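These figures come from a predicted structure and were not determined experimentally. Just so it is clear: chains get the letters A, B, ... in the order the sequence lines come, proteins before strands, and each one is counted from 1.
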Amino acid sequence: MTEVRTRFAPSPTGYLHIGGARTALFSWLYARHTNGKFILRIEDTDAQRSTEEATSQILESMEWLGLNWDEGPFYQSKRLDIYRSYVQKLLDAGKAYWCECTPDDLEKKREIALSEKRKPKYDGTCRHKGHGPGPGRVVRLAVPFTGVTAFDDMIKGRIAVNNDELDDLIILRSDGMPTYNFTVVIDDATMNITHVIRGDDHVNNTPRQIIIYEALGFELPQFAHVPMILGPDKTKLSKRHGATSAMVYKEMGYLPEALVNYLVRLSWSHGDQEIFSLQELIEFFDVHDVGSSAAVFNTEKLLWLNQYYIKKAREEGRLEELSALLKPIIQERGYVSPGANLINSIITDVGDRAKTLVDIVDIGDFYFKENIEIPEDLGKKFFTPEIAPYLAAIIDELGKADFSDKAQMENAFNHVLEDNHIKFKIIAQPVRIALTGKTMSPGIFEMMETLGKDKVISRLKAVLK
RNA sequence: GGUCCCAUCGUCUAGUGGUUAGGACGCUGGCCUCUCACGCCGGAAACAGGGGUUCGACUCCCCUUGGGACUACCA
């Protein structure tokens with residue numbers, strides 16, 4: 001059996017889209033699953049819109065997600081000679097021809113065709129004129145008028161199109177650059193790609209590409225067209241639905257394993273399992289099992305997975321990893337980044353309550369602040385005259401306690417509770433608010449230990465004034 | 001408009017001719033509890049519609065409806 005070779009071929013006209021990321025993930029997983037090779041190719045034949053910045057962004061995103069490639073990245077812009085030689089081959093064989101129709105003429109014909117409710121396809125004006133190369137001229141492929149072009153998609157099954165639906169597509173532009181449909185075929189064929197896994201939006205291009213494969217005598221790969229990811233309104237996921245850039249998810253405090261786990265479950269499943277380790281994914285994933293219908297992107301579920309993975313990282317003691325990711329966020333919020341021990345304690349205190357890494361910093365903002373602002377309504381409600389003596393007593397008792405010993409802090413509280421015959425509940429909330437300025441927080445004793453004696457006592461005192 | 005693709009709870013999905021249609025997110029009731037979160041236990045919630053095929057359809061076929069993609073000298 002020949003080795004499986006898959007590829008991911010983004011065009012560097014923008015960041016790595018979340019849909020592209022999933023396609024890349026599927027391609028990568030299939031290669032890993034079959035012990036094959038995963039190739040990265042940058043499709044930058046659109047000189048106008050391609051940028052180096054986008055390229056490096058895409059590479060960075062791939063690395064963040066852990067999608068390592070075995071070959072490449074190959075750049076189409078560096079393979080122009082190859083494409084041109086194949087264009088020439090087609091020209092020589094009479095399977096392609098030079099065309100001098102101008103974009104303006106074509107546009108007019110298109111409009112007329114549309115207004116007459118005809119299919120706006122190229123009318124073959126130059127097909128038999130025997131033009132040679134010249135300024136403003138393009139090369140078109142002579143597509144057969146009759147017959148059917150069909151293929152068996154690994155995801156969608158058999159897809160067949162009448163050839164009269166197709167027209168003589170341009171394979172070489174007037175500026176000398178080859179076009180997408182041509183370059184993919186040449187690259188996939190010459191790079192020996194065995195399984196073309198790509199977005200659903202390419203299904204309609206596939207028959208044209210097959211015709212190119214056949215014209216050149218290349219062996220056909222297997223095609224797998226993965227369904228789109230839709231926004232909540234069921235249209236193609238785009239910027240107006242919110243963040244669509246993989247890297248933005250990093251900035252928003254998502255863990256790559258959460259995003260990967262979320263994305264893989266869109267249009268793919270393995271029984272009832274929701275949580276997958278990378279090893280499991282490699283073991284279980286098969287393109288044949290990808291479903292054929294589009295999936296709606298749901299941030300709530302991603303958030304749930306992210307919380308799960310943050311918690312898991314915390315439970316596994318991967319605190320250095322988390323704090324490294326946290327530091328930039330802390331600084332971005334304008335706080336001074338505390339020492340390693342302190343960050344670790346904060347993660348331990350707050351970790352299970354956070355859906356994102358950004359949440360950790362926001363929920364735990366009182367750890368970073370020098371002074372705590374108490375919202376007026378909370379102050380009125382919780383710092384009543386009845387509470388004041390209890391707080392004073394607690395300050396007193398706490399003064400004698402060793403904050404590195406949770407039992408001593410608890411004893412301090414217990415003394416006050418017993419002396420006054422009150423329940424912990426009565427003073428817990430006032431203390432919480434004094435320490436954090438908020439009604440929701442980690443446990444009192446965890447916080448006190450992390451904050452340290454000085455801050456705790458000064459915050460409690462501040463409230464008594 | 002044409003071509004192609006798609007259709008199970010709000011969302012992601014399991015299902016592969018006979019099930020009380022399962023799980024997950026979200027929502028919700030409760031437990032736990034110093035608040036919140038975590039965790040645990042429960043609940044509401046779906047086979048788009050109509051025809052066939054069959055003893056029997058969520059499952060197979062057709063139509064309708066709805067949605068999506070493509071229809072460039074973009075990829």
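- For the OP1/OP2 pair of rA72(B) and a distance below 4.0 Å, the side-chain nitrogens and oxygens of T179(A) include no atom meeting the criterion.
- Residue-level contact check: K236(A) touches the backbone only, with heavy atoms under 4.0 Å from sugar-phosphate atoms and none from bases.
- For T45(A), a side-chain nitrogen or oxygen approaches OP1 or OP2 of rA75(B) to under 4.0 Å.
- rC4(B) is paired with rG68(B) under the criterion used here, namely a Watson-Crick or G-U wobble arrangement in which both key atom distances are under 3.5 Å.
- Nucleic acid contact class of T235(A) (heavy atoms, under 4.0 Å, all strands): sugar-phosphate only.
- Distance I58(A) CD1 to rA75(B) P: 14 Å, rounded to the nearest Å.
- Taking for each of D167(A) and N298(A) the nucleotide of RNA chain B with the nearest heavy atom, the 5'-most of the two is the partner of N298(A).
- Taking atom CD1 of I155(A) as the reference point, atom P of rC5(B) lies 14 Å away to the nearest angstrom.
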What are the atom names and distances for every N/O pair under 3.5 Å that joins the protein to nucleotides 38-41 of chain B?
from: rC38(B); atom 1: O2'; to: K311(A); atom 2: NZ; distance (Å): 3.1

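- Contact annotation for S174(A): base contact, defined as any heavy-atom pair under 4.0 Å involving a base atom.
- Residues D349(A) and Y367(A) have side chains that bring a donor and an acceptor to within less than 3.5 angstrom of each other.
- Here the separation of rG1(B) from rC9(B), taken at their P atoms, is 27 Å to the nearest Å.
- If you check rC34(B), rC6(B), rC70(B) against the side chain of N204(A), the one that comes closest is rC70(B).
- Mapping D201(A) and R158(A) onto RNA chain B via the closest heavy atom, the residue that lands nearer the 5' end is R158(A).
- Taking the six-membered ring for Trp, F445(A) and F424(A) have ring centres closer than 6.0 Å.
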Could you walk me through whether D168(A) and Y97(A) pass side-chain hydrogen bond (donor to acceptor under 3.5 Å, both in side chains), step by step?
CA-CA 9 Å; D168(A) 290 354; Y97(A) 59 91; 2.6 Å; yes
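- Nucleotide rA72(B) holds its P atom 11 Å from the CG atom of N205(A), rounded to whole Å.
- S269(A) comes within 4.0 angstrom of the backbone, heavy atoms only, and of no base.
- Comparing atom distances between the V161(A) side chain and each of rC73(B), rC4(B), rC34(B) picks out rC4(B) as nearest.
- For I159(A) and rC4(B), the CD1 to P distance is 10 Å, given to the nearest whole Å.
- Residue C99(A) is classed as having no contact, given no heavy-atom separation below 4.0 Å to the nucleic acid.
- Closest to the D272(A) side chain, of the nucleotides rC12(B), rG1(B), rA14(B), is rA14(B).
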When you look at H225(A) and D200(A), which way does the side-chain hydrogen bond (donor to acceptor under 3.5 Å, both in side chains) test go after all the steps?
CA-CA 5 Å; H225(A) 289 97; D200(A) 198 324; over 6 Å; no
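- Distance noted for atom P between rU19(B) and rC38(B): 37 Å (whole Å).
- Side-chain atoms of S293(A) lie closest to rC6(B) of the nucleotides rC6(B), rU35(B), rA75(B).
- Aromatic rings from Y309(A) and W304(A) are positioned such that their centres are separated by 6.0 Å or more.
- Using a 4.0 Å heavy-atom distance criterion, I444(A) is classed as a base contact.
- Base pairing of rG10(B): its partner is rC25(B), meeting the Watson-Crick or G-U wobble criterion (both donor-acceptor distances under 3.5 Å).
- Taking the ring axis of Y75(A) as reference, the NZ or CZ atom of K78(A) stays within 45° of it and closer than 6.0 Å to the ring centre.
- Using a 4.0 Å heavy-atom criterion, one finds that E274(A) contacts the bases of the nucleic acid, with or without backbone contacts as well.
- Within 4.0 Å (heavy atoms only), P207(A) reaches no atom of the nucleic acid at all.
- For the pair H225(A) NE2 and rU3(B) P, the computed distance is 20 Å after rounding to whole Å.
- Taking atom C1' on both rA46(B) and rU20(B), the two are 15 Å apart, rounded to the nearest angstrom.
- Between the base of rC36(B) and the side chain of S441(A) there is no donor-acceptor pair shorter than 3.5 Å.
- Distance check on atom P: rU59(B) versus rG50(B) gives 12 Å, rounded to whole Å.
- Side-chain atoms of Q273(A) and base atoms of rG23(B) include no donor and acceptor less than 3.5 Å apart.
- Distance, D104(A) CG to rC73(B) P: 12 Å, rounded to whole Å.
- Using atom C1' as the reference point in both rU65(B) and rG43(B), the two lie 33 Å apart (nearest Å).
- Between Y30(A) and H195(A), the angle of the ring planes goes over 60°, which puts this pair in the perpendicular group of the 30/60° scheme.
- Taking atom C1' in both rC40(B) and rA45(B), one finds a spacing of 22 Å when rounded to whole Å.
- Ring pair F8(A)/F38(A): centre-to-centre distance not below 6.0 Å.
- When atom types are taken as modelled, the side chain of K121(A) and the backbone of L166(A) share a donor-acceptor pair closer than 3.5 angstrom.
- Counting any heavy atom pair closer than 4.0 Å across all strands shown, V138(A) reaches a base atom.
- To the nearest angstrom, P of rU35(B) lies 16 Å from CZ of F366(A).
- Both distances falling under 3.5 Å, in either a Watson-Crick or a G-U wobble arrangement, occur for no nucleotide opposite rU33(B).
- Within the structure, every side-chain polar atom (N or O) of K301(A) is placed at least 4.0 Å from both OP1 and OP2 of rU13(B).
- Distance check on atom P: rU54(B) versus rU16(B) gives 24 Å, rounded to whole Å.
- Aromatic ring centres of F285(A) and F26(A): separated by under 6.0 Å.
- Distances shown here put every side-chain N or O of R265(A) at or beyond 4.0 Å from the OP1 or OP2 atom of rU13(B).
- Pair check for rU16(B) finds none; no Watson-Crick or G-U wobble contact set falls under 3.5 Å.
- Nearest to the side-chain atoms of S11(A) among the listed nucleotides rA75(B), rA69(B), rC12(B) stands rA75(B).
- Listed for the S267(A) side chain is no donor-acceptor partner under 3.5 Å among the backbone atoms of V290(A).
- Of all nucleotides listed (rU71(B), rC12(B), rU3(B)), rU3(B) comes nearest to the side chain of E165(A).
- Look at the C1' atom in both rC41(B) and rA48(B): the space between them is 35 Å, to the nearest Å.
- Distance L166(A) CG to rC70(B) P: 16 Å, rounded to the nearest Å.
- Judged purely by atom type and a 3.5 angstrom limit, D105(A) has no side-chain atom pairing as donor or acceptor with the backbone of C101(A).
- Residue contacts for H202(A): at a heavy-atom cut-off of 4.0 Å it reaches a base atom on one of the strands shown.
- The side chain of R432(A) sits closest to rC34(B) out of rC70(B), rC6(B), rC34(B).
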